[in-house]
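Working notes for the structure below.
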Amino acid sequence: MAKVGDWVGDLGHLLLADTALSELLIDMLRMLDYGHLSSVPKPPDSGLTTKQAAKQVLKFQEKYPHLVPDRASGWLLEVLTAADERNELTHAVALDRCDRCGTATLFQHPRTGKYIDRSDETVQALTERLLDLREAGDEIAAQIAKLVNKHIILGAMLLADDTGETIVPETVHPHIVNHTCGDCTGEGRATASVVLQVGGVEVKPTGLTKALLKNRGTGEGKGA
């Protein structure tokens with residue numbers, strides 16, 4: 001068992017930050033599924049890695065640009081780069097590990113042969129970067145929800161006009177979950193908070209939706 005101070009880098013915190021980011025990306029995929037399918041979609045794979053989930057969101061943006069804001073592109077590319085760095089750090093093999101205390105200072109990636117800096121400073125910097133990406137992603141998730149809901153309501157307007165009935169579509173909202181330990185809450189008790197948004201939208205038939213779309217020339221605008 002490693003003694004206090006022997007462990008090189010707080011990899012546990014790094015993995016927690018990476019998991020929080022992957023949860024956010026999977027939630028984005030959940031919302032995006034509602035925007036392009038005619039039936040209630042199956043939930044995305046909850047076991048996707050951060051990199052896998054980010055690639056799927058990028059594919060959505062390429063195929064359905066009206067559902068993902070333009071600014072998400074740069075953010076997703078940053079996520080992919082950070083995910084690669086996280087993989088390098090966590091998969092690195094210790095070349096000079098001490099069997100007695102577990103101390104190691106020289107690491108190498110087994111596949112690439114690249115020597116990896118896994119110092120406390122490097123691990124902390126990457127952890128903070130992942131946490132910053134997670135925070136920035138909350139706003140992008142909110143924008144995705146807005147664009148997807150716009151698309152859902154448009155479909156409901158068309159359906160209401162076709163059927164002559166009032167439609168109450170199921171809209172989407174981000175599932176923002178924040179985990180806080182007892183020390184950080186100041187109360188000695190860990191908490192998990194979830195941001196919930198409730199309330200439905202009633203769409204009444206007007207008979208004007210198709211005409212309005214025709215005048216506009218398109219029913220979908222690209223994400224801002």
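Quick caveat: nothing in here was measured; it's all calculated off a predicted structure.
- The structure places CD1 of Ile144 at 4.5 Å from CE of Met28, a figure rounded to the nearest 0.5 Å.
- Classification of Glu202 and Lys204 as a salt-bridged pair holds, one side-chain N sitting under 4.0 Å from a carboxylate O.
- To the nearest 0.5 Å, atoms CE (Met31) and CG (Leu147) are separated by 10.0 Å.
- Classification of the Tyr64-His66 ring pair by plane angle, with boundaries at 30° and 60°, yields perpendicular.
- Ion pairing between Lys51 and Asp18 fails under the 4.0 Å rule for side-chain N and carboxylate O.
- In summary, Glu23 and Arg134 do not engage in a salt bridge, as defined by a charged side-chain N under 4.0 Å from a carboxylate O.
- Taking every heavy atom of both residues into account, Trp75 and Leu133 meet most closely at NE1-O, 2.9 Å.
- Hydrophobic cluster membership differs between Leu131 and Leu21, with clusters built from Ile, Leu, Val, Met, Phe, Trp and Tyr side chains linked at under 4.5 angstrom.
- Atom CZ of Arg129 sits in a crowded spot, with more than 12 heavy atoms from other residues, nucleotides or ligands closer than 6.0 Å.
- Across Leu208 and Asp161, no two heavy atoms sit closer than the pair N-OD2, 3.4 Å.
- If you take CZ on Arg30 and CG on Leu25, they are separated by 13.0 Å, rounding to the nearest 0.5 Å.
- Residue Glu135 places its CD atom among 12 or fewer non-hydrogen atoms of other residues, nucleotides or ligands, all under 6.0 Å distant.
- Thr49 approaches Gln52 most closely through the heavy-atom pair N-OE1, 2.9 Å.
- Partner Glu85 forms a side chain to side chain contact (heavy atoms under 4.5 Å, CB included) with one of Thr81, Leu89, Asn87 and no other, that one being Thr81.
- Taking CZ of Phe107 as the reference point, atom OG1 of Thr122 lies at 11.0 Å (rounded to 0.5 Å).
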Would Gln108 and Val93 count as a side chain to side chain contact (heavy atoms under 4.5 Å, CB included) here? Give the steps. CA-CA 5 Å; Gln108 187 176 41; Val93 175; 5.5 Å; no
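- Summarising the geometry, atom CG belonging to Asn215 is positioned 14.5 Å from atom NZ belonging to Lys210; distances are rounded to the nearest 0.5 Å.
- With hydrogens and angles disregarded, no donor-acceptor distance shorter than 3.5 Å links the side chain of Gln56 to the backbone of Ala53.
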